[in-house]
Amino acid sequence: MHEFSIASAVVATAAKHAGGRRVTVVSLRLGALRQVVPDALAFAFAIVSRETVCDGARLTWESVPVRVRCAPCDRTSTLERLPLRCPRCGDGGVAVVAGEELEVESIEVEEEAACTA
């Protein structure tokens, strides 16, 4: 279950960019080829974020489908399933152009309280 190592990296990335503020939302882009189970990642995130600036943060994600560029027919297509073959001509000479993403797209943090004294 590699989701725990991914969750640890996500928490580290969010904490690095939060500047010490409490993180409320972490948004990810997850490519289909990364073989991440979103529910398992959310479970791991909830555990590894404890006692960090991400404790209690909501984890959201956008699933990115696999898109390939076929060299022989020069078309870009979205794959519904593997193998990595052109769905139009069936050739295996394709290059992946999307679907390998695993990135923190954005974080939301709490605003600092205004000083009223």
Side-chain angles (χ1 to χ4, degrees):
M1 189 161 147
H2 66 131
E3 283 79 1
F4 274 95
S5 62
I6 294 169
S8 293
V10 167
V11 168
T13 300
K16 176 181 173 185
H17 294 283
R21 294 170 292 179
R22 186 176 170 278
V23 176
T24 57
V25 179
V26 178
S27 298
L28 307 175
R29 289 178 39 89
L30 295 176
L33 291 174
R34 289 296 176 171
Q35 299 181 342
V36 173
V37 178
D39 289 341
L41 180 58
F43 175 76
F45 179 81
I47 292 171
V48 300
S49 66
R50 289 181 186 155
E51 299 181 17
T52 72
V53 294
C54 296
D55 196 351
R58 186 167 45 100
L59 184 67
T60 67
W61 56 86
E62 171 192 356
S63 296
V64 180
V66 178
R67 292 191 49 82
V68 294
R69 178 99 183 143
C70 179
C73 71
D74 197 30
R75 291 187 173 180
T76 301
S77 304
T78 299
L79 297 183
E80 300 298 324
R81 60 184 174 275
L82 297 176
L84 294 175
R85 302 186 81 71
C86 178
R88 296 176 190 240
C89 72
D91 195 278
V94 296
V96 174
V97 296
E100 295 182 308
E101 297 82 351
L102 199 170
E103 54 198 26
V104 176
E105 183 172 61
S106 66
I107 62 171
E108 294 180 24
V109 297
E110 283 186 342
E111 294 289 326
E112 293 181 34
C115 181
T116 57

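Applying the side chain to side chain donor-acceptor pair (under 3.5 Å) test to pairs two or more places apart or on separate chains, none has a residue in residues 40-52. Pairs passing the side chain to side chain donor-acceptor pair (under 3.5 Å) check and including a residue from residues 29-42, sequence neighbours excluded, read Arg29-Glu62, Arg29-Glu103.
Shown here are the side chain to side chain contact (heavy atoms under 4.5 Å, CB included) partners of Thr24, two or more places apart in sequence or in another chain: Arg22, Glu108, Glu110. By the side chain to side chain contact (heavy atoms under 4.5 Å, CB included) test, Thr13 pairs with His17, Val104, sequence neighbours left out. Residues satisfying the salt bridge (Lys or Arg N to Asp or Glu O under 4.0 Å) criterion with Arg85, sequence neighbours excluded, are absent altogether.
One hydrophobic cluster holds both Leu28 and Val53 under the rule that ILVMFWY side chains link at heavy-atom gaps under 4.5 Å. In this structure, Val64 is not a member of the same hydrophobic cluster as Val66, with clusters built from ILVMFWY side-chain heavy atoms closer than 4.5 Å. If you chain together hydrophobic residues whose side chains sit under 4.5 Å apart, Ile47 and Val37 never meet in one group. Residue Val109 is grouped with residue Phe45 when hydrophobic side chains (ILVMFWY) are merged at heavy-atom distances under 4.5 angstrom, including chains of intermediate members.
Here the OG-CD distance, from Ser27 to Glu105, works out to 6.5 Å after rounding to the nearest 0.5 Å. Distance CD1/Ile107 to CZ/Arg21: 7.0 Å, rounded to 0.5 Å.
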List the steps and the verdict of side-chain contact (heavy atoms from CB on, under 4.5 Å) for Leu102 and Leu30. CA-CA 5 Å; Leu102 199 170; Leu30 295 176; 4.1 Å; yes

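In this structure, the side chains of His2 and Val36 come closer than 4.5 Å at one or more pairs of heavy atoms. Side-chain contact between Trp61 and Leu41: absent, with no pair of heavy atoms (C-beta onward) separated by less than 4.5 Å. Proximity of Val11 to Val26: side-chain heavy atoms (C-beta onward) are nowhere separated by under 4.5 Å.
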Please list, one pair per line, the donor and acceptor atoms closer than 3.5 Å that link side chains of residues 86-99 to other protein atoms, with sequence neighbours excluded.
unit_1: Arg88; atom_1: NE; unit_2: Ser77; atom_2: OG; d: 3.2
unit_1: Asp91; atom_1: OD1; unit_2: Gly93; atom_2: N; d: 2.5

